[in-house]
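Only this structure's heavy atoms are used, side chains among them; waters, hydrogens and symmetry mates stay out. In this text the structure is predicted, and so the values were computed from the model without any measurement. In what follows, chains are A, B, ... by sequence order, proteins preceding strands, each numbered from 1.
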Protein chains: 2
Amino acid sequence: MTTIRSVAEEAGVSIASVSRVINGLAARGDTEERVWKAIKALDYQPNSAARALKVRRSEQICLSFDDLANPAYTMMTRGVGQALSASEYRLVLASAFSSVEEIIKHLKTMGRGFADGLIISPIYGDVRITKLLSNLQIPVVVIGTLPEGINADNVWVDSSAGVEAAIVHLKHVGRKKIAFLNGPLSTNPGRRRLAAFHNALASNNLQSLSENVFQADAFSPDSAYQTISSSKNLSTFDSIICANDQLAAGLMKYCSQNQIEIPSDLAVIGIDNTDLSSLLRPTLTTIDLHAEERGALAAQLMLQRLADPTRPIQKIVVEPTLVIRESTEEK
Amino acid sequence: MTTIRSVAEEAGVSIASVSRVINGLAARGDTEERVWKAIKALDYQPNSAARALKVRRSEQICLSFDDLANPAYTMMTRGVGQALSASEYRLVLASAFSSVEEIIKHLKTMGRGFADGLIISPIYGDVRITKLLSNLQIPVVVIGTLPEGINADNVWVDSSAGVEAAIVHLKHVGRKKIAFLNGPLSTNPGRRRLAAFHNALASNNLQSLSENVFQADAFSPDSAYQTISSSKNLSTFDSIICANDQLAAGLMKYCSQNQIEIPSDLAVIGIDNTDLSSLLRPTLTTIDLHAEERGALAAQLMLQRLADPTRPIQKIVVEPTLVIRESTEEK
DNA sequence: TCTTTAACTGTAAACGTTTACCGTGCCGAA
DNA sequence: TTCGGCACGGTAAACGTTTACAGTTAAAGA
């Protein structure tokens with residue numbers, strides 16, 4: 001194994017000098033030259049564990065979320081990655097595929113100097129997660145609703161404003177019988193978006209029909225498809241808002257198999273403005289929650305926090321945008 | 001900061017005993033008890049950098065690929081994650097969004113004890129990548145075509161057999177004028193799949209029409225859409241094979257906007273069998289390359305290699321499967 | 001030429017673990 | 001009662017860096 005010691009010998013200097021050259025501190029021209037030459041010759045790579053131990057920083061920022069399969073998180077990851085790429089920090093992803101246990105497992109290793117900062121988008125309200133988060137010794141940036149009792153930098157999107165805009169739009173194109181296709185109520189987005197739906201109906205003086213909420217058990221197309229298949233009252237409605245684009249896609253699959261025309265029989269709105277929304281047929285009206293932008297903002301908050309741990313806690317609010325496509329065209 | 005030293009003091013034992021208890025080595029009942037009590041009381045978390053430095057293992061396996069936005073990699077990641085979840089290794093993702101520079105940057109940190117093993121699915125043939133890979137001191141498992149000169153465990157899928165099956169199928173449903181919509185030729189899949197297309201045409205005695213290859217500059221829907229929009233001879237063909245589902249989706253978007261009926265005017269086949277393929281309308285016939293399974297196999301190879309570094313190099317070959325859906329129904 | 005100062009460089013002590021080695025105390029056998 | 005053996009526990013030396021501090025050299029001013 002080639003260590004800093006072997007480089008020092010090869011170059012005929014002390015290990016301190018090697019370290020200084022590597023880290024760009026002052027050195028005489030010829031010292032510097034000999035050190036670089038030795039490094040090249042030996043193909044030396046500094047050991048990051050040793051460095052991390054000494055400087056008490058891993059130079060890693062961890063991004064943690066619950067469902068890699070959800071394209072919204074892919075977009076978010078891209079935002080974080082780009083914001084971090086110019087920094088000295090490396091991005092590592094710790095994604096669970098929707099298992100609270102896995103998240104907890106990851107969070108536990110977090111406190112061990114594995115990462116210098118954690119950007120997390122927790123969709124479950126599990127108290128164990130909250131507890132672990134609040135015990136963490138490293139800065140945390142939360143994307144999404146801040147769990148009760150956590151005091152951390154936060155990027156938040158007002159999804160209820162998005163749902164409100166969607167309902168205003170539906171009303172405007174002449175729809176009155178609006179349903180909601182939700183993801184699991186065990187998640188924050190599930191609870192918040194459902195509440196937003198009810199509020200928006202009320203504030204727009206729209207009648208809340210009975211059984212107007214379809215409840216899927218995951219934010220996935222399959223789950224939407226099954227939920228809708230096993231319900232009998234879809235035809236009661238002239239429009240439906242889905243808690244994300246994936247659910248909308250599953251619903252649309254069902255519709256196309258059952259001769260329900262979109263938008264004439266049923267107008268459909270999704271959430272997230274993922275790639276899917278312009279690939280589906282008809283194209284999908286959707287509420288853009290700006291996942292990529294939120295990721296980038298979170299990364300910036302993290303970098304600032306890392307640079308100045310004493311700065312006051314920040315909260316950034318992002319406004320959603322309604323993107324209108326074919327699935328809500330007027331009849 | 002609470003270290004093993006503070007735990008030792010709190011428990012009234014030596015740091016060696018604390019370490020032994022944590023690592024499950026022999027200790028008297030009361031020692032063990034006092035140590036765990038102290039750990040609980042101080043909320044102690046062992047520092048992983050220190051441990052990594054000492055035991056020369058990071059207990060991390062890194063999965064690296066080129067394009068998180070490509071759902072095929074999401075599936076692959078799920079496979080790796082599941083295969084690893086029972087092991088002592090943590091999975092970290094280092095994904096670049098299709099930039100060779102970023103991959104190189106990541107690869108360089110790899111040799112520093114950042115990870116104990118690297119599972120990589122390199123789509124670019126860049127020599128710098130090959131060189132870095134061959135210099136790596138840790139085990140490497142390659143998913144995909146093994147770069148020239150690299151000797152590593154390998155999971156390989158015979159995509160040309162898939163393309164062959166696709167062409168046989170098209171012929172069977174009465175198509176003779178077959179085109180190919182390819183991704184960038186700078187990538188391994190791009191080159192291999194194109195070659196497979198030409199071979200399969202020949203071996204099936206099908207005429208190779210002029211300009212029968214449409215060349216997109218990324219494996220994305222947008223890129224497909226643009227490529228097709230700016231070409232004038234799509235109507236020459238009665239069927240088209242796309243180098244992945246994303247490209248097929250972009251093509252189908254173009255078709256639906258330009259009154260080209262699928263499958264009657266044009267039969268379409270994708271590659272990967274991603275979620276998209278059953279959500280599109282019509283649903284998409286596609287070549288399943290079993291990304292999730294390949295991920296799991298690669299992880300198993302890695303675990304075996306890590307357990308026994310001297311075992312012979314393995315190569316696992318996965319056979320593709322043609323999944324037939326609406327986009328290639330007979331006219 | 002001699003002193004003062006600045007610019008580098010080397011020595012050695014950390015960082016928080018693991019683990020080889022040795023010492024202690026206990027038990028059972030002679 | 002003495003001794004051998006065994007099971008634990010403690011001491012201290014690593015692991016590969018960074019960095020405070022002191023020492024050395026060279027340059028500049030007198």
Side-chain angles (χ1 to χ4, degrees), chain A residues 1-39 42-60 88 108-116 137-138, chain B residues 1-39 42-60 88 108-116 137-138:
Chain A
M1 176 159 205
T2 130
T3 72
I4 201 175
R5 182 150 278 115
S6 33
V7 174
E9 273 170 29
E10 171 85 11
V13 299
S14 73
I15 62 170
S17 290
V18 177
S19 174
R20 277 188 287 254
V21 168
I22 290 171
N23 294 297
L25 301 177
R28 224 171 19 196
D30 68 316
T31 308
E32 200 162 325
E33 210 170 284
R34 280 151 63 200
V35 168
W36 282 123
K37 221 174 97 191
I39 288 176
L42 300 176
D43 192 27
Y44 166 70
Q45 306 266 56
N47 178 303
S48 52
R51 171 162 226 278
L53 174 59
K54 189 63 201 173
V55 303
R56 309 175 112 83
R57 284 186 305 129
S58 64
E59 270 145 0
Q60 296 190 152
E88 61 193 310
K108 282 194 173 159
T109 70
M110 219 45 48
R112 309 181 172 190
F114 162 63
D116 300 333
Q137 305 286 335
I138 54 172
Chain B
M1 178 159 202
T2 129
T3 72
I4 201 175
R5 183 149 277 115
S6 33
V7 175
E9 274 169 30
E10 171 84 12
V13 299
S14 74
I15 60 171
S17 291
V18 177
S19 173
R20 277 188 287 252
V21 169
I22 290 171
N23 294 297
L25 302 177
R28 225 171 17 200
D30 68 316
T31 310
E32 199 161 326
E33 210 170 286
R34 279 151 64 201
V35 168
W36 283 123
K37 222 175 96 191
I39 288 175
L42 300 176
D43 192 28
Y44 166 71
Q45 308 266 55
N47 178 302
S48 51
R51 170 162 227 280
L53 173 59
K54 189 62 201 178
V55 304
R56 308 174 113 84
R57 284 187 305 129
S58 63
E59 269 145 1
Q60 295 188 154
E88 62 192 310
K108 283 195 172 157
T109 70
M110 220 42 51
R112 310 181 171 190
F114 161 64
D116 300 333
Q137 305 286 334
I138 55 172

Participant: Run the numbers on A:Val13 and A:Val21 for side chain to side chain contact (heavy atoms under 4.5 Å, CB included), then give the verdict.
Facilitator: CA-CA 11 Å; A:Val13 299; A:Val21 168; over 6 Å; no
Participant: Could you list the residues that satisfy side chain to side chain contact (heavy atoms under 4.5 Å, CB included) with A:Arg57, not counting sequence neighbours?
Facilitator: A:Arg51, A:Val55, A:Glu59, A:Glu88, A:Tyr89, A:Asp116
Participant: Which pairs, protein N/O on one side and nucleotides 17-20 of chain D N/O on the other, fall under 3.5 Å?
Facilitator:
from, atom 1, to, atom 2, distance (Å)
D:dT17, OP1, A:Tyr44, OH, 2.8
D:dT17, OP1, A:Asn47, N, 3.2
D:dT17, OP2, A:Ile4, N, 2.6
D:dT17, O5', A:Tyr44, OH, 3.1
D:dT18, OP1, A:Asn23, ND2, 3.2
D:dT18, OP1, A:Arg51, NE, 3.0
D:dT18, OP2, A:Ser19, OG, 2.5

Participant: Grab the N/O contacts between the protein and nucleotides 4-8 of chain D below 3.5 Å, and write none if there aren't any.
Facilitator:
none

Participant: Over all heavy atoms of both residues, which pair between B:Gly113 and B:Ser58 is shortest? Give the atoms and the distance, please.
Facilitator: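 Looks like O-CB, 3.5 Å.
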Participant: With sequence neighbours excluded, what pairs up with B:Arg56 under the side chain to side chain contact (heavy atoms under 4.5 Å, CB included) test?
Facilitator: A:Met1
Participant: Without placing hydrogens or testing angles, list every side-chain donor-acceptor pair under 3.5 Å for residues 27-37 of chain B, not counting sequence neighbours.
Facilitator:
from, atom 1, to, atom 2, distance (Å)
B:Arg28, NE, B:Asp30, OD1, 3.4
B:Arg34, NE, B:Ala11, O, 3.3
B:Arg34, NH2, B:Ala11, O, 3.1
B:Arg34, NH2, B:Gly12, O, 3.3

Participant: My understanding is that only residues two or more places apart in sequence, or in another chain, count here; which of them pass side chain to side chain contact (heavy atoms under 4.5 Å, CB included) with A:Ile4?
Facilitator: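 Expected list: A:Ile15, A:Val18, A:Ser19, A:Tyr44.
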Participant: Can you check whether A:Leu25's main-chain N or O pairs, donor with acceptor, with A:Asn23's side chain at less than 3.5 Å?
Facilitator: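 No; zero donor-acceptor contacts below 3.5 Å.
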